[in-house]
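By convention in this document, chain letters (A, B, ...) are assigned in the order of the sequence lines, proteins followed by strands, and residues within each chain are numbered from 1.
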Protein chains: 2
Amino acid sequence: MKHIAESTVRRLSLYLRFLEEGEARAQDTISSGELARLGGTTSAQVRKDLSFFGSFGKRGLGYHVKDLIEAIREILGLDKTWPVVIVGAGKIGAALAQYRGFSSRGFRVVGVYDRDPARIGQRLDGLTIRAESELERDIAKLKAQIAVLCVPSEAAQVLLDRVTKAGIRAVLNFAPSPLRVPKGVALRSVNMATELEILTFALTNRIEGGPR
Amino acid sequence: MKHIAESTVRRLSLYLRFLEEGEARAQDTISSGELARLGGTTSAQVRKDLSFFGSFGKRGLGYHVKDLIEAIREILGLDKTWPVVIVGAGKIGAALAQYRGFSSRGFRVVGVYDRDPARIGQRLDGLTIRAESELERDIAKLKAQIAVLCVPSEAAQVLLDRVTKAGIRAVLNFAPSPLRVPKGVALRSVNMATELEILTFALTNRIEGGPR
DNA sequence: ACTAGCTTGTGAAGGATTTCACAAGCCCCC
DNA sequence: GGGGGCTTGTGAAATCCTTCACAAGCTAGT
Ligand SMILES: NC(=O)c1ccc[n+]([C@@H]2O[C@H](COP(=O)([O-])OP(=O)(O)OC[C@H]3O[C@@H](n4cnc5c(N)ncnc54)[C@H](O)[C@@H]3O)[C@@H](O)[C@H]2O)c1
Ligand SMILES: NC(=O)c1ccc[n+]([C@@H]2O[C@H](COP(=O)([O-])OP(=O)(O)OC[C@H]3O[C@@H](n4cnc5c(N)ncnc54)[C@H](O)[C@@H]3O)[C@@H](O)[C@H]2O)c1
């Protein structure tokens, strides 16, 4: 397959959300124009995004909502359930562990880990926080391929190395430090300070030529 | 000024972090090559990014760390303190309100708001959770221009409309729903499910031609 | 003061992504 | 069964972003 741009994947995820809302409203078909309007893009963009993966619509009609949902789920790999481990049960780790937006989307948090003896054993929704020393064994046992890192910056690289050695193949990182991943492991980092700084940049440099 | 790509702003934020680390290690100068290595990009990219805003280096030497820190801070608008209000004191709102990565970077959380009477009055670090009915008055009084939305999807658009009417000019949104902003207001949304889905896409479609 | 050795700043080239624009296909109605 | 009205899928064009490559400038050492 040709290389797919990240922006395309991001938009597919967005389309999927709109389609699911449409399905909930018993909507039968949807046009690229409507998806575009919802997603703040253009109909040509929507069609191009989909065209990388096949041809899912009917000319004159649009896309069948249920079919397109199924197609995008399969493209994104959401046609299965992904076990996820969360490393670090601090403020953000705990919030994510209890976040229902994950479970409703094919992700199942199967383990939450911390080093702090005071936290180990505490319950978070249906999960008990476990000792980080159990990480390797659990990852193997649960066949988890995705880890979410919510530990302090200093610990992030070490934990990343450990979980990838144990079999993790994709990492979502919240620590604001750059990480190195072994080849074959996917990594994404969410840096909230950077997000705010993109906003202050916009506020600061908007003197002329109004923003988007 | 010419239009600046978001990717450039994002990298500037990253360079700033490395520069600050360099400063902490008493490093005097740094070359575009070193910044590039740290940031996982190329030296030409670093120089191009900076060149949009001026010329900050010395040929043969590199960049003076302290000077470049100051320059990038000014470019990003970090040479002042930004009062920020957090709307929604649930799991993620509370985590962000207590996040030290913001305060250390020129952002000061000046108010946390919720609708739930059980939460109003509770303390979060040094802050008391306030009633959302106080939002408009406080935004005006505190001259806050940035709001972080941590409320359920259904409430997000309503709250966004309210805070922008009250004077907010930039919004960081964590609800996974598309929002409309009035012209002149900057919006960024962080969608954690999408981040995970970009990872599952990578895991699913990596059969041939290894990832990144 | 001159040279060797780096490193910057930047046009130009190259590559990637988005937008344009239109032929082709499908539905529905007459 | 044919025509009007939409909408898709997609090459080609346009735009945006990154990489190349090199002249110019600075430092340090002699
Ligand atoms: N709180 C936020 O809103 C927020 C926002 C963005 C990013 N972050 C980042 O997320 C990370 C966590 O932040 P937080 O606010 O939740 O901090 P926190 O201190 O509340 O939580 C960190 C947790 O990690 C645990 N930990 C430390 N070392 C560990 C190890 N080796 N193995 C397992 N667990 C370990 C600690 O015991 C603690 O429970 C930090 O890197 C922070 O910069 C936090
Ligand atoms: N928890 C997470 O890790 C996480 C991750 C990503 C995104 N999100 C999103 O962030 C938002 C909040 O999630 P959460 O997990 O913190 O939920 P939560 O239920 O813990 O918190 C939501 C809070 O918003 C408050 N609220 C509701 N309506 C309000 C209003 N009109 N004015 C002021 N406050 C109001 C509620 O009282 C509650 O305290 C949701 O949109 C969620 O999808 C959460």
Rounded to whole Å, the CZ-P distance (A:R10 to C:dA16) equals 19 Å
note: B:D49, atom CG; C:dG9, atom P; distance rounded to Å ~ 12 Å
Rounded to the nearest 0.5 Å, the CG atom of A:N191 sits from the OG atom of B:S13 at a distance of 6.0 Å
Which of D:dT27, D:dT7, D:dG11 is nearest the side chain of A:K48? It is D:dG11
field: Presence of donor-acceptor pair under 3.5 Å, side chain of B:R59 and base of C:dT8
entry: yes
Atom NE2 of A:H64 and atom C1' of C:dC26 are separated, to the nearest Å, by 16 Å
When A:L61 and A:S51 are each assigned the nearest nucleotide of DNA chain D, the 5'-most assignment goes to A:L61
- B:S32 side-chain N/O to C:dT7 phosphate OP1/OP2 under 4.0 Å: no
Margin query: Using OP1 and OP2 only, check whether a side-chain N or O of B:S55 sits under 4.0 Å from C:dG9.
Written below: yes
Handout entry: Phosphate-side-chain proximity, B:S7 and D:dT18, N/O vs OP1/OP2 below 4.0 Å
Key = yes
When rounded to whole Å, the CD to P distance for the pair A:E6 and D:dT18 reads 12 Å
- request: Could you tell me whether B:Y15 and B:F18 have their ring centroids closer than 6.0 angstrom?
  value: no
A:F56 atom CZ is separated from D:dT7 atom P, nearest whole Å, by 20 Å
Check whether any side-chain nitrogen or oxygen of B:R47 sits under 4.0 Å from OP1 or OP2 of C:dG9, and answer yes or no. no
task = Output yes when at least one side-chain N/O atom of B:Q45 is less than 4.0 Å from OP1 or OP2 of D:dC17, else no.
result = no
Phosphate-side-chain proximity, B:Y63 and D:dC26, N/O vs OP1/OP2 below 4.0 Å:
no
Of the listed D:dC20, C:dT7, D:dT8, the closest approach to the A:S31 side chain comes from D:dT8
